[in-house]
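Structure first, commentary second.
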Amino acid sequence: MFGFHGLFGYSQLTIIRRTLSSTIFALSSGQGKCGVAVVRVSGPRAGNALICMTGFKKLPTPRLALLRSIRNPITKDVIDKGLVLWFPGPNSFTGEDSCEFHIHGGIAVVTGVLEALSNLPQTTLAEPGEFTKRAFINGKLDLTEVEGLADLLQAETELQRKQAFLQTNGSLSKLYQKWKHTLLQSVAHIEAHIDFEETETLEYGLIESVTKDISCLYNELKTHLQDGRKGEMLRNGVKTIILGEPNVGKSSLFNFLCQRPVSIVTPISGTTRDVIEVTLNINGYPLVLLDTAGLRNSSTDVIEIEGIQRALEMYKNADLIILVIDIATYLSNYEKNNSQTFEEFVREYVNSFLKIPDFFDNSDEKVSPHNIFKKNCVFVLNKTDINSIDFDKQNILGASQLNVVKISCKTETGMEDLINVLSKELKTLCGEPSQEHPSMNQMRHREQLRKCLFNIENFLKESGKGSAGDLVIMAEYLRKSLRNLGKLLGTITTEDILDVIFKDFCIGK
Ligand SMILES: Nc1nc2c(ncn2[C@@H]2O[C@H](COP(=O)(O)OP(=O)(O)OP(=O)(O)O)[C@@H](O)[C@H]2O)c(=O)[nH]1
Ligand SMILES: [Mg+2]
């Protein structure tokens, strides 16, 4: 894809050359007792390590698993019997000569093999992420693919896995490489125009055609940036906050969703004070669920007031709200005013009782007329075992465009409906990872793409001036946007950025 030549400053190049001249090894499978452990070796002396440890006369057939006795090269003692594999570079994960020892996963066996390797000349224990870093330096992966690999190792839900897998297999990389290609071609055309304009006649309408290509790229990039942070939410989890008055059953619901008694539940109003956070997997989507203190204005208890402030603070950064209401509150309101819609009830209830600042979206730019809230909301009417709801009232709720679910935390009725509504919301917020329309999922991506968009915008402004537009300025804006994509893909990088990215890897990867 790309080599490192010409991409780094001199000092970095020297560091990298020094790094690549050594041979590294590490336990690549998990720590602790296990059935099989995999020890990996990569670097110029990997072949030597394989021969010294197995007694092969010459290097074996590449990528063929062979059962061998594995010996300490100094004492010649057999440490274990296991499978060995030889991966000559460049067709290996790191792009270098590599080998693997698949041994029994006992602590003494693993220690014995690692110690034996450490006694070989110019062979050292790998640092965290060093195998992947070498793969990056050797052009096997670009930075977005490296990040995808880190996410794949961290993925806890099926859809996180899918997004990370697509990314490490180049879904984002292909898109950004395509944009890079368009920009490169456009710069080349403009520069040719600058060089030959006075001496030779260039193809008619060349600048017009470049502007057309860049306008298309601009639109694609803009749509890509306006993705509602779908990829980021899927990667980091959808921050979901349970809000409501005290004693409505927030913590009971929280515990049900966690399937364990994480929060304290008592009949006393104002039990929960601190914000409690748990990460859950709901139908493959990651949900970061927060239980909070009940909201009320009448409290004089300083600890409760602090709890309420913390809840409202958390609301500001939440992606999804679960508002729990005691069904008795809804019903008594209905007795007073039975022509009120559920939407009207919610507006009045939140404004007069809960007083959550910035809850309603009063702007004229609402995405949908039904979307009256600033954030995605699910309304839960709890304690239906005490107060059931009759047919008329059922119709009022049924006519609502909002997500309303009736549940009982005590009898667990309505929980399946709630999970279905939550799954639907999570799907709207995170989308579904796809090869065709990959979503960026890190601030780093967003930052570089925003800068790239800004430079392209400036190019279009200059080219929009027609014959008064300055070609040199236009070319410079395109070059700047190319640099933004270069930073994104890692073709232009610094050790600082690499350190941040590779610190998330463990030893052996
Ligand atoms: N009958 C019945 N009782 C419930 C239900 N859900 C919760 N409760 C009870 O209501 C009381 C309050 O429940 P919590 O889950 O602590 O309520 P909360 O909203 O977290 O309360 P705070 O932490 O004080 O804000 C407890 O006694 C629960 O057992 C339900 O569906 N039916
Ligand atoms: Mg509580």
Side-chain angles (χ1 to χ4, degrees), residues 239-280 282 287-316 318 320-334 342 345-346 349-357 359 375 377-390 393-394 397 403-422:
K239 215 162 201 188
T240 305
I241 184 166
I242 305 183
L243 288 177
E245 283 187 272
N247 221 35
V248 291
K250 298 181 297 302
S251 301
S252 306
L253 174 61
F254 182 77
N255 288 348
F256 171 82
L257 291 171
C258 300
Q259 291 289 295
R260 60 198 165 97
V262 183
S263 271
I264 299 172
V265 169
T266 76
I268 304 162
S269 268
T271 299
T272 307
R273 305 294 176 91
D274 286 314
V275 177
I276 303 167
E277 180 180 314
V278 166
T279 301
L280 303 175
I282 305 259
L287 187 112
V288 181
L289 190 65
L290 307 171
D291 185 21
T292 60
L295 304 174
R296 62 172 154 192
N297 299 303
S298 53
S299 178
T300 50
D301 180 335
V302 282
I303 305 173
E304 190 179 6
I305 293 171
E306 175 62 29
I308 293 170
Q309 268 171 7
R310 287 182 184 205
L312 294 176
E313 199 52 45
M314 286 293 165
Y315 163 76
K316 289 185 196 160
L320 177 63
I321 317 298
I322 300 179
L323 193 73
V324 185
I325 304 165
D326 187 330
I327 196 161
T329 309
Y330 173 67
L331 292 174
S332 72
N333 188 76
Y334 179 85
F342 188 73
F345 161 73
V346 168
Y349 179 65
V350 171
N351 283 335
S352 29
F353 290 97
L354 301 180
K355 296 195 193 299
I356 304 170
F359 194 71
K375 298 174 188 258
C377 294
V378 175
F379 297 91
V380 174
L381 296 173
N382 188 29
K383 307 199 184 182
T384 53
D385 56 296
I386 306 175
N387 290 287
S388 61
I389 201 155
D390 70 19
K393 293 162 202 149
Q394 177 72 33
L397 293 183
N403 284 315
V404 195
V405 193
K406 301 180 300 297
I407 62 157
S408 162
C409 289
K410 187 172 178 189
T411 61
E412 298 188 359
T413 39
M415 292 305 193
E416 211 178 304
D417 290 347
L418 178 61
I419 299 290
N420 288 339
V421 169
L422 286 177

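Position 1 is the first residue of the sequence; numbering continues from there. Counting convention: from 1, in listed order, for ligands and their atoms alike.
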Between [atom1] on residue [X] and [atom2] on residue [Y], distance to nearest 0.5 Å:
{"X": "I303", "Y": "I308", "atom1": "CD1", "atom2": "CD1", "value": "12.0 Å"}
{"X": "S388", "Y": "K406", "atom1": "OG", "atom2": "NZ", "value": "10.5 Å"}
{"X": "L289", "Y": "L257", "atom1": "CG", "atom2": "CG", "value": "6.0 Å"}
{"X": "I282", "Y": "N420", "atom1": "CD1", "atom2": "CG", "value": "10.5 Å"}
{"X": "E304", "Y": "R273", "atom1": "CD", "atom2": "CZ", "value": "5.0 Å"}

*Under 6.0 Å between the ring centres of Y330 and F342?*
yes
*Contacts of E245 that satisfy salt bridge (Lys or Arg N to Asp or Glu O under 4.0 Å) - sequence neighbours left out*: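 Applying salt bridge (Lys or Arg N to Asp or Glu O under 4.0 Å) to E245 gives none.
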Looking only at N/O atoms, are [X] and ligand 1 under 3.5 Å apart anywhere?
{"X": "V248", "value": "yes"}
{"X": "V265", "value": "no"}
{"X": "D291", "value": "no"}
{"X": "G249", "value": "yes"}
{"X": "C409", "value": "yes"}
{"X": "T384", "value": "no"}
{"X": "K250", "value": "yes"}

With the side chain counted from C-beta on, respond yes when [X] and [Y] share a heavy-atom pair under 4.5 Å apart, and no when they do not.
{"X": "L422", "Y": "I322", "answer": "yes"}
{"X": "L323", "Y": "C377", "answer": "no"}
{"X": "R260", "Y": "V278", "answer": "yes"}

Using a strict cut-off of 4.0 Å, indicate which atoms of ligand 1 neighbour a heavy atom of [X].
{"X": "G294", "answer": "25 (O)"}
{"X": "P246", "answer": "25 (O)"}
{"X": "D385", "answer": "1 (N), 2 (C), 30 (C), 31 (O), 32 (N)"}

Of the protein's non-hydrogen atoms, which lies at the shortest distance from [atom], and what is that distance?
{"atom": "atom 6 (N) of ligand 1", "answer": "N382 ND2, 3.2 Å"}
{"atom": "atom 10 (O) of ligand 1", "answer": "K383 NZ, 3.1 Å"}
{"atom": "atom 21 (O) of ligand 1", "answer": "N247 N, 2.9 Å"}
{"atom": "atom 26 (C) of ligand 1", "answer": "T266 O, 3.5 Å"}

*Out of L312, L320, I321, which one pairs with I241 under the side chain to side chain contact (heavy atoms under 4.5 Å, CB included) rule?*
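That would be I321; it is the only one of L312, L320, I321 passing the side chain to side chain contact (heavy atoms under 4.5 Å, CB included) with I241.
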*Just by distance, do the side chain of K375 and the backbone of A318 share a donor-acceptor pair under 3.5 Å?*
yes
*Derivation and outcome, side-chain contact (heavy atoms from CB on, under 4.5 Å), residues L253 and L418*: CA-CA 10 Å; L253 174 61; L418 178 61; 3.6 Å; yes
*Cut-off under 2.8 Å, centre the Mg ion (ligand 2), protein N/O/S atoms*: S251 OG, T272 OG1
_Ionic contact status for K250 with D291, cut-off 4.0 Å_ = no
*Among G270, S252, A293, which one has a heavy atom closest to atom 7 (C) of ligand 1?*
S252
*Residue part near ligand 1, for I407, under 4.0 Å between non-hydrogen atoms*: neither
*Would you kindly specify which portion of S269 sits under 4.0 Å from ligand 1, judged on non-hydrogen atoms: side chain, backbone, both or neither?*
backbone
*Side chains of S263 and T272: donor-acceptor distance under 3.5 Å anywhere?*
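On atom types as modelled, these side chains do not qualify, holding no pair under 3.5 Å.
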*At a 4.0 Å cut-off, with the gap strictly under it, does some heavy atom of I268 reach an atom of ligand 1?*
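Contact present.
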*Tell me, please: is G244 in heavy-atom contact with ligand 1, that is, under 4.0 Å?*
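No, G244 has no heavy atom closer than 4.0 Å to ligand 1.
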